[in-house]
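Below, each value reflects all heavy atoms present in this structure, side chains not excepted, and no hydrogens, waters or symmetry copies. Just follow the structure's listing: the first ligand is 1, and inside any ligand the first atom is 1.
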Amino acid sequence: MPAPVPAVFPPLPGPAPLSDLQREVLELKRRADAVILAHNYQCEDIQGVADFVGDSLGLAYKAAETTASTIVFCGVHFMAETAKIVNPGKRVLLPDLEAGCSLADSCPADRLAREKAANPGLAVVAYINCSAAVKALSDVICTSGNASRIVERIPADREILFVPDQNLGQWVSQRTGRRMRCWPGSCYAHVQFTPTALLRAKALHPGAPVVAHPECTEAVRALADEVCSTELMVAWAKRQSADTLIVTTESGMIHRLRREVPGKTFVAAPTDRCSCNECRYMKMNTLAKLRDCLASGGPEIHMDETLRARAEVPLRRMLDWSK
Ligand code: 13P
Ligand code: SF4
């Protein structure tokens, strides 16, 4: 099989007109007193109707602040759960309830509970990409946007167990100098980026700076000019003088970048198998499912109140610590 050529996204000619389906979604949203929150990895037509598009940290703050009675979360299951944890009285909808996350799945709560029982002194720092049950067992939550700051707040005499992403954990440990035990989980999509594929993109676009998400492996991060969360990629792109930038994360990010950083060409870092790396879970949500979800009021996130209250403590701690 020939090596895939990286997908190239030239500057947008201007704002795209709304489609009939997008207009229908906006009307249903108005009638339902809903807010639409969308992660940076959502497809372009969903980003185009969202009230807020952002990274996990920004979305957690927006979910905590909203006054709407219904939150439609266009992202994956743990993100909608996060919105429910801080909004027990609100209806939280997820267009496709099957939109999970390989990283969240890699850390089952019963295994973490056994690990904690065997090591009672551990401080558990959990990346937000985990289930509500794992959050409930954790001392504090973090996102890729605040992980170093959160880890630095843990007293030096506490041993840290960082769950579930070993790549993010390793990156944070390198940045902060803090030794941590890392859970052996990873994002199936980000680990598909390889040095060989990224070097191919660099050779085709000489001089183009590279940004990579910390969920990528160390070998890929080492080839990047900047490693940061998806939100910080927007600010990074605005600071670049080069016309062409290589983006090493889920390709939905490029829709946000094209809208907010006009005049630049974005190159999606390829993998060894595809020219544009998509998260199959993020892409389970579609504009048609968003419409159906607003029209029917489901699928809805439900959560046991005891679990929710326990998970809220480390989540609120994160929101406090990263203000
Ligand atoms: P951020 O939103 O923190 O950049 O993380 C990306 C991600 O993989 C979410 O699933
Ligand atoms: Fe999970 Fe990776 Fe998809 Fe993010 S990109 S939702 S970490 S599987």
>> Taking the basic N atoms (NZ, or NE/NH1/NH2) and the acidic carboxylate oxygens, is any pair closer than 4.0 Å for Lys84 and Glu81?
In response: no

>> With heavy-atom distances below 4.0 Å as the criterion, list the atoms of ligand 1 near Tyr41.
In response: 6 (C), 7 (C), 8 (O)

> Which heavy atom of the protein is the closest neighbour of atom 10 (O) of ligand 1, given with residue, atom name and distance?
Replying inline: Asn129 ND2, 3.2 Å

> Which of parallel (below 30°), tilted (30 to 60°) and perpendicular (above 60°) describes Tyr281 and Tyr188?
Replying inline: perpendicular

> Side chain, backbone, both or neither: which part of Tyr127 comes within less than 4.0 Å of ligand 1 when only heavy atoms are counted?
Replying inline: side chain

>> Students should be able to answer this: which protein heavy-atom is nearest to atom 2 (O) of ligand 1, and at what distance?
In response: His39 NE2, 2.7 Å

> Contact between Glu215 and ligand 2, counting heavy atoms under 4.0 Å?
Replying inline: yes

> Going by the order shown, which atoms of ligand 1 are within less than 4.0 Å of some heavy atom of Asp55?
Replying inline: 1 (P), 2 (O), 4 (O)

> Counting each atom of ligand 2 from 1 as listed, which ones have a heavy atom of Cys187 under 4.0 Å away?
Replying inline: 2 (Fe), 5 (S), 7 (S), 8 (S)

> At under 4.0 Å between heavy atoms, which part of Glu250 makes contact with ligand 1: side chain, backbone, both or neither?
Replying inline: neither

>> Checking contacts here: is it the side chain or the backbone of Glu231 that comes within 4.0 Å of ligand 1, counting heavy atoms only? Could be both or neither.
In response: neither

> Near Met79, which atoms of ligand 1 are under 4.0 Å from a heavy atom of that residue?
Replying inline: 9 (C), 10 (O)

> Is any side-chain heavy atom of Cys43 closer than 4.5 Å to a side-chain heavy atom of Thr286?
Replying inline: no

>> For a 4.5 angstrom cut-off between non-hydrogen side-chain atoms, does Asp110 reach Arg114?
In response: yes

>> Which label fits His190 and Tyr41: parallel for a plane angle under 30°, tilted from 30 to 60°, or perpendicular past 60°?
In response: tilted

> With a cut-off of 4.0 Å, which atoms of ligand 1 are near a heavy atom of His213?
Replying inline: 1 (P), 4 (O), 5 (O), 6 (C)

> How close does the nearest protein non-hydrogen atom get to atom 1 (Fe) of ligand 2, and which residue and atom is it?
Replying inline: Cys101 SG, 2.4 Å

>> At less than 4.0 angstrom from any non-hydrogen atom of Thr230, what atoms of ligand 1 do you find?
In response: 1 (P), 2 (O), 4 (O)

> Which part of Leu103 is near ligand 1, with near meaning a heavy atom under 4.0 Å away: side chain, backbone, both or neither?
Replying inline: neither

>> Please list the nearest protein heavy atom to atom 8 (O) of ligand 1 with its residue and the distance rounded to 0.1 Å.
In response: Glu215 OE2, 3.0 Å

> Short list, please: which atoms of ligand 2 are under 4.0 Å from a heavy atom of Ser102?
Replying inline: 8 (S)

> Nearest protein heavy atom to atom 1 (P) of ligand 1, by residue and atom, and its distance?
Replying inline: Ser144 OG, 3.4 Å

> Looking only at protein heavy atoms, which one is nearest to atom 3 (Fe) of ligand 2, and how far off is it?
Replying inline: Cys279 SG, 2.4 Å

